[in-house]
Participant: 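I'd like to ask some things about the structure below.
Atoms within a ligand are numbered from 1 in the order they appear, just like the ligands themselves.
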Amino acid sequence: MARRPDSVPDVLHPQVGEGLPSPQAQAAASLLPSVSIVEQTMAEARRALVLVLAVAGVLLGVLLIERWYYAAAQGEANHRHAEALRLAGAMRLVDLQLTTAAQMAVISGQAEWVQRFDRHLPEFNRLLAEARALAPADATARFDAATGSAAAELDDMRESAFEAVQVGAVDVARRIFEGERYRQKTALLQKAIADFSEATVTAAGQEITNMRRRNALIGVLLLVGACFLGVLLWRRLMGSRGHLLRAEERVKHLAASDLLTGLPNRTALHDAMAVAMGRTARGGTRLAVLMIDLDRFKPVNDRHGHMVGDLVLKEVAQRLQGLIRSGDTCARYGGDEFVVLAADEGTPSAAHHLADRIVQAMGQPMKVGSLSITIGSTVGIARFPDDGTDADELLRKADSALYRAKSDSRGGLCFYDVGLDELVAERAALEQAMREGIARGEFVPYAQPIVDLSTGRVHSLELLARWHHPQRGLLPPAQFIPLAEETGLIGPMTMAVLGAALSDRSCLDPDWRISFNVAPQQIQDESLVPQLLALLARHRVPPSRLDVELTESALVRDTDAARRVMHALKQAGFTVTLDDFGTGHSSLSYLAELEFDKIKIDRTFVHTMRERPESAKIVDAIIGLSRSLGVPTVAEGIETEADAQRLRSMGCLYGQGYLYGRPMPLQALSMLRGSPVMLPA
Ligand code: C2E
Ligand code: MG
Ligand code: MG
């Protein structure tokens with residue numbers, strides 16, 4: 001794409017030696033939270049994991065302890081249960097043996113059965129003691145209450161019966177055993193033993209059941225705990241996911257945004273174009289691509305620093321966003337270039353209207369701290385699908401249109417048309433040729449005399465550039481000055497032409513002053529005056545011999561810069577003439593304030609003086625005004641003696657025009673020397 005002179009390739013340079021962080025640095029710092037969000041999210045995920053692991057560890061520990069405890073308790077309960085069953089069985093058996101031994105002792109009368117009974121009785125008591133140890137306390141108490149006296153009575157009865165058997169009184173023994181009292185007590189004791197055994201077994205079984213219940217309860221609690229843990233983990237993970245998603249969104253946004261202005265950047269613009277073109281194609285409508293380049297932004301950066309430049313760019317972004325409709329896109333395309341994508345209702349007028357409003361808005365002064373800064377803008381417009389169906393192509397064409405708009409007039413707008421590409425290519429070639437031409441000395445000074453209207457003598461020479469183009473011959477300024485101004489080559493060209501004039505002694509007549517033109521762009525160049533002084537010093541010519549012509553349009557475009565450069569020029573010893581006066585609509589107050597040494601009346605007024613009485617009135621007014629300010633006037637474009645006469649009568653002091661001589665090569669100047677160029681009639 002063609003580069004324009006004051007486009008700023010990259011303003012994202014850190015400010016060296018300034019204490020304050022630049023807006024870019026601040027914008028870049030805004031990246032940090034997203035980094036910390038990622039770290040925060042990671043830390044949170046770590047914390048969630050640790051928490052989950054800890055709770056899971058506790059649950060697992062509880063589960064293991066419970067399992068171990070349950071296994072041990074259940075083993076014990078099972079053992080007690082089995083023991084209770086065994087004891088119940090054993091007690092019934094020993095009780096049977098005791099009963100049998102007692103019965104047999106009575107029936108047989110043999111002492112052997114008494115001995116057997118005596119042997120079984122301690123065993124029964126041992127089993128009973130074991131059963132008591134196993135039995136629950138209430139069962140033991142019940143057993144003791146039920147059997148307390150019966151057992152003793154039975155012991156007594158058995159004792160008596162066995163003693164009777166010993167002494168051979170079997171009948172006595174039989175009566176005891178077969179007696180109602182013995183049967184009752186035996187039955188009571190057996191029932192009590194059976195109940196007791198049953199209670200012991202039941203208690204052991206109940207214990208196992210309770211344990212199972214408790215186990216189930218703990219299982220349920222663990223399950224609930226695990227569920228709770230799962231929910232906790234899920235929520236944590238969801239939280240971390242939310243953080244990550246937000247961080248991702250943020251990073252995506254930053255990657256697609258211009259750090260300074262927050263607008264979509266070039267990459268995001270391409271994406272937006274693809275979407276907008278798709279939507280436009282489906283809807284059968286049109287899309288306008290407006291490429292906006294800021295005018296006079298580079299001098300703002302150069303003069304006030306990047307901090308101020310950045311604030312201006314932010315303000316520009318805000319203004320642009322305020323102008324577009326929702327759904328339209330505004331992106332930062334480069335240093336001082338912006339692109340607006342606007343749905344265009346089918347006629348170019350909508351885009352034209354928007355571009356107009358953009359130019360208007362950008363031309364309004366901006367308050368940056370205590371500064372009031374006025375820039376401008378130029379807009380190039382390409383339309384989808386008419387001018388192209390590809391984003392790059394549309395941008396290139398909008399850029400061509402912008403280039404054209406810049407060359408037509410500053411602060412304008414231009415639609416792309418087919419011839420533009422050729423024009424752009426041609427201009428690019430011309431720019432290159434101009435660059436090389438300056439280095440090769442193809443730009444030469446011509447000089448045109450400015451005469452004292454009262455004496456007809458040459459007062460000064462105006463240096464006017466000509467280009468000896470190798471193929472196209474001698475070119476007048478109209479064919480290269482605008483391009484030189486656009487491309488920034490005007491500075492080097494001016495120096496080359498002035499240098500050539502100063503090294504050619506033919507224009508250095510001690511009676512002649514030398515005028516040369518300084519373009520509006522040059523007044524924003526802080527190095528202009530130092531460069532001029534260096535050039536003059538090289539040629540040993542004092543600045544007091546030179547007169548700088550500054551056009552009125554330069555004054556209007558940037559009054560601050562004009563004021564500064566005027567001051568610097570006058571301080572350095574130059575005189576300054578206001579050129580082309582009457583065409584630039586400058587405020588009269590500037591005229592009084594800026595103290596020009598001469599005012600040049602634009603040649604269009606002089607040319608039309610004869611046909612248009614208004615022109616004569618304007619010329620008369622300018623001369624009157626200048627006189628009241630004490631500033632001499634120079635009339636340009638005097639072609640006839642009648643014009644000269646009239647101007648003289650109006651009080652104009654100096655004149656320039658074909659009547660006195662066309663711009664001529666310096667070698668031809670010798671003919672002007674000595675006598676008046678033309679005597680007053
Ligand atoms: P300007 O400074 O107003 O220069 C006067 C222009 O009026 C010159 O045109 C000159 O040839 C023309 N002119 C003088 N007398 C007559 C006349 O009687 N009739 C007519 N029709 N024209 C007359 P030129 O040489 O074509 O320059 C045009 C403009 O180009 C200049 O206007 C000046 O603004 C610019 N220019 C020329 N050389 C330079 C230069 O070295 N540097 C800069 N920055 N601008 C330059
Ligand atoms: Mg001039
Ligand atoms: Mg002029």
Participant: Heavy-atom contacts under 4.0 Å between Ile481 and ligand 1: side chain, backbone, both, or neither?
Facilitator: side chain

Participant: Counting each atom of ligand 1 from 1 as listed, which ones have a heavy atom of His607 under 4.0 Å away?
Facilitator: 19 (N), 20 (C), 21 (N)

Participant: Identify, by atom number and element, the atoms of ligand 1 in contact range of Glu639, meaning under 4.0 Å from any of its heavy atoms.
Facilitator: 17 (C), 18 (O), 19 (N), 20 (C), 21 (N)

Participant: Backbone, side chain, both or neither: what part of Asp602 comes under 4.0 angstrom of ligand 1, heavy atoms only?
Facilitator: neither

Participant: State the atoms of ligand 1, each with its element, that fall below the 4.0 Å cut-off from a heavy-atom position in Arg466.
Facilitator: 25 (O)

Participant: So for atom NE2, which belongs to His539, do other residues, nucleotides or ligands contribute more than 12 heavy atoms lying within a distance under 6.0 Å?
Facilitator: yes

Participant: From atom 13 (N) of ligand 1, work out which of Tyr658, Phe516, Tyr446 has a heavy atom at the shortest distance.
Facilitator: Tyr658

Participant: What atom name does the N, O or S atom of Glu462 nearest to the Mg ion (ligand 2) carry?
Facilitator: OE2

Participant: Below a 4.0 angstrom heavy-atom separation, can you tell me which part of Gln448, side chain or backbone, both or neither, approaches ligand 1?
Facilitator: side chain

Participant: So, Thr575 versus Asp547: side-chain donor-acceptor pair below 3.5 Å or not?
Facilitator: yes

Participant: Please list, in number order, the atoms of ligand 1 under 4.0 Å from a heavy atom of Pro663.
Facilitator: 11 (O)

Participant: Looking at atom 31 (C) of ligand 1, what's its closest protein heavy atom, distance included?
Facilitator: Leu464 CD2, 4.1 Å

Participant: Does at least one non-hydrogen atom of Glu462 fall below 4.0 angstrom from an atom of ligand 1?
Facilitator: yes

Participant: Flag Glu549 as yes if one of its N/O/S atoms falls below 2.8 Å of the Mg ion (ligand 2), otherwise no.
Facilitator: yes

Participant: Looking only at N, O or S atoms, find the one in Asp579 nearest to the Mg ion (ligand 2) and name it.
Facilitator: OD2

Participant: What about the rings of Phe480 and Phe443, do their centers lie closer together than 6.0 Å?
Facilitator: yes

Participant: Check each atom of ligand 1 against the heavy atoms of Asp579 and keep those under 4.0 Å away; list them by number with element.
Facilitator: 1 (P), 2 (O), 3 (O)

Participant: Can you tell me if Thr551 has an N, O or S atom under 2.8 Å away from the Mg ion (ligand 2)?
Facilitator: no

Participant: Are any of the heavy atoms in Pro476 under 4.0 Å away from ligand 1?
Facilitator: no

Participant: Any N/O/S atom from Asp580 (main chain or side chain) under 2.8 Å of the Mg ion (ligand 2)?
Facilitator: no

Participant: Counting from 1, what ligand 1 atoms have a heavy atom of Glu549 closer than 4.0 Å?
Facilitator: 2 (O)

